[in-house]
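Because the structure is predicted, anything quoted here is derived from the model rather than measured. Numbered from 1 within each chain, the chains take letters A, B, ... in sequence-line order. Basis for what follows: all heavy atoms, side chains included, without hydrogens, waters or symmetry-related copies.
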Amino acid sequence: MSLEKSYEPKGFEQKRYEFWIKNGCFESSDNPVPGQKSYSIVIPPPNVTGVLHMGHAVMLTLEDILIRWRRMHGDNTLWLPGTDHAGIATQTQVEKQIAKEGKGPTGKPLTRHDLGREKFLERTWKWKEDHHGGITGQMKRLGCALDWPRERFTLDDGLSKAVREVFVKLYDEGLIYRGDRIINWCVRSQSALSDLEVIPTERKGNLWHLRYAIVNNRGEAVIDPATGKPTMLVIATTRPETLLGDTAVAVHPEDDRYKHIHGQFAILPLVGRKLPVITDEYVDREFGTGALKVTPAHDFNDYDLGQKHKLETLSVMGLDGKITASGGIYAGLKFTEAREKIVADLDAAGLLAKVEPHSHKVGLSERYGEVVEPVISKQWFVKIAPLAKPAIDAVRSGQIEFAPKNWEKTYFEWMENIRDWCISRQLWWGHQIPAWYCDDCGETTVAREDVKACSKCKSLSVKRDEDVLDTWFSSALWPFSTLGWPDKTKALETFYPTAVLETGFDIIFFWVARMIMMGIHFVGDVPFKKVYMHPMVRDEKGEKMSKSKGNVIDPLVLIEEHGADPLRFTLASMSGQGRDIKLSVDRVEGYRAFANKLWNATKFLHLQLEKSDEIPNSGPLAEPVEGAEAWLKKNFKTLAPANRWILSRLQSTIQTVEKGFANWEINDSTNAIYEFAWLEFCDWSIEFAKLPFRRGGKEREESLITLHYVLESTFKLVHPIMPFVSEELWDSLPWKKPANTPVRARDGKPPVATLSFQAFPVTDPAFRDEAAELEMGRLKAVIEAIRNFRGENNLSPKKDFVLHVATKDAGAKAFFAAYANDIIQLARVTKIEANTVGNSVSKFEAMIPLANPAAELRISLDGLVDVEEERKRVRKEIEKTKVDLAHVEGKLSKESFVAKAPKELIDKTRAEAEAFKTKLAGFEVALKKLGV
RNA sequence: UGGCCCGUAGCUCAGUGGGAGAGCACUACCUUGACACGGUAGGGGUCCGCGGUUCAAUCCCGCGCGGGCCAACCA
């Protein structure tokens, strides 16, 4: 099989993916073979109508790496795909669409109410069907090894059944209740929101200081001892309109300014209502005037205060965004209008002490960015504390581990201060709450099956609750609902608990914590054993990507331009960072070059394997009958050092890559592969092999077998990260085996040639060779010293020169005898001639002293380079060596170092000092040779 | 206010209790039979500051400074 000139991902990515799907490469089994471990990950389901963004790309890449890696290790691997119905987001999109289509009966744009619930849901389902292929298709383009036949959707029948089961059970256990509570109300969407869906945002506003007259229980003014006049309590507020709902004022019990008003009453400005003065340590004496107006119906903290002090709760702000009838003369005004009017009226009445600018946090709807009002409303809640406790314990006891570990702290902090979860939403797109209210007796019936009659009075006049559940309610069940729960399925038995939950830290509370609670409560076991948090992707400046800023880097564009693999490699290599990834396109281009490098190395190997022209004994080479690996192992001792060296380096690489995958340090894996493949294999191994390739015969065969084996191993190592290009190149190799994971062989499926079914490399001590690594290190240093001479003198590679070598001992002599040809080849030397120590080869010469191998290298400068240039080079070397020597000698001259440092370190340092001295002396001689 | 993360070459980032690294960018030379998405050589850093522990600190500890995130009861 011949390869294209260079890496062009468009030519093969789609084809490869189709091949994997056709052959069921990503499918898992409910019946693993005996002894086979199962490994499962459920995908964090993206919004079904969404478009793939960078956050998805990170998540999908990292999960795919784990899945492919475990599959190559022989596990029964399930990566379960699916999508989320995303209540508000999807409903809003459809509403926007129908609004464009026409006008309703009142002449306003068409709303969902004009269509009616049934019609609207039909439209939304169609919308879902139309868009579903978008996001799933994009996952496929990224190369995700998802088990597609098991794909689920949070509103499908099975999941709906699970949702219903959970709701009914929690209701029966008293953990779901309906009640009037303060909640976040979004006027725009006419729905309740959970705390998490409200984003506190800094807004500029004012602090209005209002005057409340203080009276006793008989209505007489209370005299302020400080002034001798009737007390006017000044209270600062950012929301004057809420005063209509005030039912108390509060001061700190220890605040001396206000001790005389304890137990008295305040007259509510404009309204005239008598409010009790309460004391509570919650009040901050430092803020404003140290006095607080309490509006239990429209502020979360005031609500708590109200509960504690048994205050009346008076709703004055309606769900329609207008002041309610309780607001007296202000009834019917919008909140903003009411504020203006009330402030004006207060001012007119002389009750406005002062106004000062003040910025404070206002809750905005996550979805619409509009102000969210705390109001009292009848909603459904999950009583969360009893569920949270075991979920906290599971993490504390280590049953679930977070990585990075510090996220556990965040988790605990939230879980220990958790509020009840408001789960009802006034939407249509979602799981409708399975509660029916009886018109006759008022009973609430909650049931698994749809209800026709009241469970208490049997009346047929029952109405179903119109609301749906928070989207996250169904997401919380995802790890087990997708596996068939509440039925006791084989899938559940095989794959629950899942191995890993991998996601962004921004949904720890929305999703991760809730899955843990629900999993433990309903399945009796944690839903996953590990939680891996990946960083957020930001732009080059570190800013959050957003459409409005126009700084979005579209992963699909990057895939289109550079291929899925370079993008994946980039994201994986940046995954080790703390919380943020600043993505730069440069990096993607760099890894595209890496893919191209692999491509060309493979092309070179093909060329060599097939070569049959002028060189003797160099026809197409077949794989050794026992296989390359066995052959190499058998002949390892007699292989050329360069071959033993790269095999040994491969072992270290395997070890690092494996450790990185296992310990959630995937960037270590990517770096190890990159450095091995490029800096060791391509830069040195291939270059060393060119000589034997040119000569033909046994040497050529040995190097070919080594290179083939190492390259194939590299493809296996990189496959989880870059599945497409690794498979394309691997498949082109002549000696590949269809399948070699033991599990696949027993699985009854026909073996197809794919890396998915290849065993992931495992380190083999038989291929470790420290002596070869040491020897090659020396050889590389010799070659680099000569290259440095050439480079520093700007010597064109075309300029030839002879290298004169004077060896100082038998070892050095043997060394140069063995590697003369390699040095000639790689350092671009015409030839090597033997010389004796100290023997000049011309009037001006470059002399390169070597410590190990002990030798002097000489190059005549006649007609080659400017002598002054070479002097500069040598002086530079001398300076460098002097700094090095001073450093180690400084250490050795300290008594405390010699007394306390480990012996090996001292020995090593002494040896280094000797080597630097030798080198320095050598270069000083060299400088003299240059006439200095 | 509390918690967390980050501060290393011009840029994006690795890294280690014992002489500072990569990629990109930059300079010079090179179309050498895999690769110009390439090769070779090179320049460039008080590893944020100040203390402490240690024979030895960029790394560990403390205190600052700067940037970011999260949770929040300052109306």
How far does the [atom1] atom of [N] sit from the matching atom of [M], given to the nearest Å?
| N | M | atom1 | result |
| --- | --- | --- | --- |
| B:A9 | B:C4 | P | 26 Å |
| B:G15 | B:U8 | P | 14 Å |
| B:U40 | B:U32 | P | 15 Å |
| B:U16 | B:G21 | C1' | 10 Å |
| B:A57 | B:C24 | C1' | 31 Å |
| B:C69 | B:C63 | P | 23 Å |
| B:C50 | B:C13 | C1' | 27 Å |

Any-strand Watson-Crick or G-U partner of [N], both distances under 3.5 Å:
| N | value |
| --- | --- |
| B:A56 | none |
| B:C63 | B:G49 |
| B:G23 | B:C11 |
| B:A71 | B:U1 |

Measuring to OP1 and OP2 of [N], would you say a side-chain N or O of [X] lies under 4.0 angstrom away?
| X | N | result |
| --- | --- | --- |
| A:W678 | B:G39 | yes |
| A:K894 | B:G18 | no |
| A:K5 | B:A36 | no |
| A:N301 | B:C73 | yes |
| A:N788 | B:G42 | yes |
| A:K409 | B:C70 | no |
| A:K603 | B:A34 | no |

Check every strand shown and say whether [X] touches a base, only sugar-phosphate, or nothing at a heavy-atom separation below 4.0 Å.
| X | answer |
| --- | --- |
| A:K405 | nothing |
| A:E665 | nothing |
| A:K293 | nothing |
| A:A899 | nothing |

Side chain A:E687 and base B:A34 donor-acceptor under 3.5 Å: yes
Ring geometry between A:F402 and A:Y411 (parallel below 30°, tilted from 30 to 60°, perpendicular above 60°): tilted
Within the 6.0 Å centroid threshold, strictly below: A:W684 and A:F688: yes
Near-ring test A:Y674/A:F594, centroid separation under 6.0 angstrom: yes
Gap between atoms [atom1] and [atom2], on [X] and [N] respectively (whole Å):
| X | N | atom1 | atom2 | value |
| --- | --- | --- | --- | --- |
| A:M536 | B:C70 | CE | P | 8 Å |
| A:D302 | B:A75 | CG | C1' | 7 Å |
| A:D304 | B:A75 | CG | C1' | 14 Å |

A:E877 side chain reached by A:N788 side chain, heavy atoms, under 4.5 Å: yes
Passing option when A:T295 is tested against A:D246, A:T247, A:T313 for side-chain hydrogen bond (donor to acceptor under 3.5 Å, both in side chains): A:D246
Residue-level proximity of residues 559-567 of chain A to RNA chain B when a heavy atom falls under 4.0 Å: none
Examine the side chains of [X] and [Y] and answer whether a donor and an acceptor come within less than 3.5 Å of each other.
| X | Y | answer |
| --- | --- | --- |
| A:T881 | A:K917 | no |
| A:K891 | A:S893 | no |
| A:N406 | A:K409 | no |
| A:H309 | A:D280 | yes |
| A:R587 | A:S573 | yes |

[X] has a side chain; which of [options] sits nearest to it?
| X | options | answer |
| --- | --- | --- |
| A:E792 | B:G19, B:G42, B:C4 | B:G42 |
| A:P902 | B:C37, B:C55, B:G19 | B:C55 |
| A:F505 | B:C69, B:C24, B:C55 | B:C69 |
| A:S6 | B:G19, B:C37, B:G39 | B:C37 |
| A:F509 | B:U40, B:A71, B:C35 | B:A71 |
| A:Q608 | B:A34, B:G19, B:C4 | B:A34 |
| A:F897 | B:G15, B:G18, B:U40 | B:G18 |
| A:T237 | B:A75, B:C37, B:C55 | B:A75 |
| A:E413 | B:A34, B:G2, B:C55 | B:G2 |
| A:D884 | B:A14, B:U12, B:G19 | B:G19 |

